[in-house]
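We number each residue from 1, following the sequence as shown.
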Amino acid sequence: MTQYEAVIGLETHIQLNTASKIFCQCSTQGWNAAPNTHICPVCSGLPGSLPVLNRSVVEKAVLLAKAMHSDIQAISYFDRKNYFYPDLPKGYQISQYDQPIAKGGYMDLPMPGGEVRRIGIWKAHMEEDAGKTKNAGGERQVDFNRCGVPLVEMVTAPDLRTSEEAGQYLIRLRQLLRWIGISEADMEKGQLRCDANVSIRRVGETILNAKTEIKNVNSIEAVKDAITREIERQIVEVEAGRRVEAWTLEWDEDTGTLKKMRSKETEADYRYFREPDLLPVRLDDAWRDQILLNFPELPLERKARFLKEYGIPEYDAELLTVERTFSDYFETAVKAYRGDAKRVSNWLMNDVLRMINDRGISAADLRLSPAYLAAIIQLVDSGAVNAPTGKSLLARVEESGENPAVIVSREGLAQVNDSDAIRSACQEVLTESPAEVAAYKAGKVTLLGWFVGQVMKKMRGKADPSQTRQVLEELLKQ
Ligand code: ZN
Ligand code: MN
């Protein structure tokens, strides 16, 4: 059987998280607002209105270009992309065509097997978003709130080979966008949108069949499903001796099928020409340096450094660098702790991460500061409190924002290591539980944990657990 491979390129539209739109002062927060409440003459395309470029759009685009190792262009231009659709009031979209802000670049993609795939980036350009249309009460209605919301469109080289790789690309892109703080990148809210260009060829051959473009996919799972389906469809076509037509396809999430929208338009159809109402974008060295002044260490670099500097396992380093504030939190806590980084990592990945996820907050919002976390681990290490008390302190500190040492001394939570006190509590428990003692002696040794629990209860959770266990075993032998 003939072997085929897929050749996939992705075009992503990234919504930048600026406060105002790209060419006017309207708020970008019209997502849930009543229709047509975040508009003005500029973004609703009234004749005579003039666009003015929002500086922070350029700044965020430059940050993205840097993260993609692109050539950042000192001069770039806006162009008009002409097409008619009711959600586009001007009859054209202001975009960048042949001289975009960023050219070239790449993104490294660690694959689950450990291999790293380098995916080329062709270009990234700034543009305005269009509005939205919907059917309601037998009418076609239009909402211009989203018109003029800033986007960066980024186009990869056709370097992706499988739907799995396409999914990984989107996961890593979303991580990067949030890391550098330029987009919330929530696909469900349309802040990260993806079109996929898919074609196939026989393995070993360089001749490509025509490509199709899949639109309207709004989750990473849907992108993977749609690409998988399209590859299968194209193989069936080619095997049957038919030609793959250059279609634009729409993914129907509900039925999991692709529908033909139209024959694919070519760039000439858009009649691009320079936008006469805007100046060229001049990015001089001073401005560019200022934008990149505090450019952060990126996730993959940070992961490599964590592995080397802290000697933590690969799994930990990956999880600790998924999100930037969590990663910063880890590093600050390790420095405060001054001990084995793996120990901090364990506390973070289990208890602190659960706290963050349960409450849907970021590590930066925790009242349990990295220094307090380090202090709690130290209290447990030194035996000042036992491990269960340590864990309960996490929530207590998070609730009150108090220094853990203050809570321990005020509430008398310090671990009891006094062997006489532990021994007499153990003896009491055994005296009170003759049935369990008999069962234990008859061979039900798993009851030991239950006895430990009873002693803990009696001593309000403060007994040293290992000492308690030891004393109980000794007494039960008698
Ligand atoms: Zn406006
Ligand atoms: Mn576009």
Side-chain angles (χ1 to χ4, degrees), residues 178-179 181 294 296-297 302 305-306 309-313 315-317 319-422 425 452-469:
R178 292 175 179 169
W179 191 280
N294 295 312
E297 180 183 37
R302 183 167 287 190
R305 185 170 61 77
F306 277 7
E309 218 169 297
Y310 300 120
I312 52 176
Y315 175 85
D316 295 41
L319 196 63
L320 289 168
T321 51
V322 163
E323 197 268 323
R324 188 170 160 192
T325 62
F326 191 57
S327 161
D328 291 342
Y329 188 106
F330 166 72
E331 201 151 28
T332 314
V334 168
K335 287 189 177 128
Y337 177 62
R338 298 160 197 266
D340 181 11
K342 175 60 181 151
R343 193 141 163 77
V344 177
S345 166
N346 288 344
W347 281 70
L348 262 185
M349 293 195 306
N350 297 314
D351 310 278
V352 180
L353 190 58
R354 191 177 316 125
M355 210 179 240
I356 289 171
N357 290 341
D358 285 352
R359 294 183 42 208
I361 58 172
S362 102
D365 302 326
L366 286 171
R367 299 183 78 184
L368 170 72
S369 67
Y372 283 167
L373 173 68
I376 292 170
I377 306 175
Q378 282 162 345
L379 285 169
V380 175
D381 289 349
S382 68
V385 300
N386 62 26
T389 304
K391 304 261 154 153
S392 73
L393 275 173
L394 295 174
R396 299 287 307 276
V397 173
E398 177 58 20
E399 216 169 275
S400 65
E402 275 183 300
N403 186 326
V406 169
I407 300 178
V408 170
S409 74
R410 185 184 60 226
E411 303 189 12
L413 298 175
Q415 171 163 273
V416 176
N417 297 301
D418 173 350
S419 53
D420 288 342
I422 291 177
V452 173
Q454 296 306 109
V455 174
M456 279 293 176
K457 210 187 255 178
K458 228 176 237 308
M459 299 191 64
R460 293 179 43 228
K462 296 184 291 184
D464 175 345
S466 65
Q467 206 182 330
T468 305
R469 190 168 280 268

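- Residue K457 places its NZ atom among 12 or fewer non-hydrogen atoms of other residues, nucleotides or ligands, all under 6.0 Å distant.
- Here the CD atom belonging to E297 is positioned 7.5 Å from the OG atom belonging to S327, to the nearest 0.5 angstrom.
- When all heavy atoms of P404 and L393 are compared, the pair lying nearest together is O-CD2, 4.3 Å.
- Residue-environment remark: CZ (R305) exceeds the threshold of 12 foreign heavy atoms within 6.0 Å.
- Across all their heavy atoms, M456 and K462 have their closest contact at SD-N, 4.3 Å.
- The shortest non-hydrogen separation linking A374 to A336 is CB-CB, 3.7 Å.
- Contact annotation: the side chain of V380 approaches that of R343 to within less than 4.5 Å [non-hydrogen atoms, C-beta and beyond].
- K342 and P313 make their closest contact through CD-CD, 3.8 Å (heavy atoms, listed as atom of the first residue, atom of the second, distance).
- With rounding to the nearest 0.5 angstrom, the CD atom of E331 is 11.0 Å from the OG1 atom of T321.
- In this structure, N386 contributes its side chain and A463 its backbone to a donor-acceptor pair below 3.5 Å.
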Between E398 and Y372, does a side chain to side chain contact (heavy atoms under 4.5 Å, CB included) hold up when you go through it step by step? CA-CA 10 Å; E398 177 58 20; Y372 283 167; over 6 Å; no
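- Using a 4.5 Å heavy-atom cutoff, the side chains of F330 and R302 are not in contact.
- Using a 4.0 Å cut-off between charged side-chain N and carboxylate O, D365 and R359 make no salt bridge.
- Atom CG of L394 sits about 4.5 Å away from atom CD1 of I376, to the nearest 0.5 Å.
- By the 6.0 Å contact criterion, CZ on R338 is open, its count of non-hydrogen atoms from other residues, nucleotides or ligands being 12 or less.
- Counting only heavy atoms from C-beta outward, the side chains of D381 and Y337 approach each other to under 4.5 Å.
- S345 places no side-chain N or O within 3.5 Å of a backbone atom of A341 that could act as its donor or acceptor partner.
- Remark: L368 CG to Y329 OH distance equals 3.5 Å, nearest 0.5 Å.
- Interatomic distance, CD of Q467 versus CD1 of I422, reported as 4.0 Å (0.5 Å rounding).
- Rounding to the nearest 0.5 angstrom, the gap separating the CD1 atom in I377 from the OG atom in S382 is 12.0 Å.
- Between L373 and L348, the closest side-chain pair of non-hydrogen atoms falls below 4.5 Å.
- Shortest non-hydrogen contact noted between V334 and Y310 is CG1-CE2, 3.7 Å.
- Taking the side chain as every heavy atom from C-beta outward, D328 and R324 approach each other to under 4.5 Å.
- Side-chain atoms of R367 come within 3.5 Å of backbone N or O of E399 as a donor-acceptor pair.
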Could you walk me through whether W347 and K391 pass side chain to side chain contact (heavy atoms under 4.5 Å, CB included), step by step? CA-CA 9 Å; W347 281 70; K391 304 261 154 153; 4.0 Å; yes
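- The two atoms that bring A317 and F306 nearest to each other are CB-CB, 4.4 Å, heavy atoms only.
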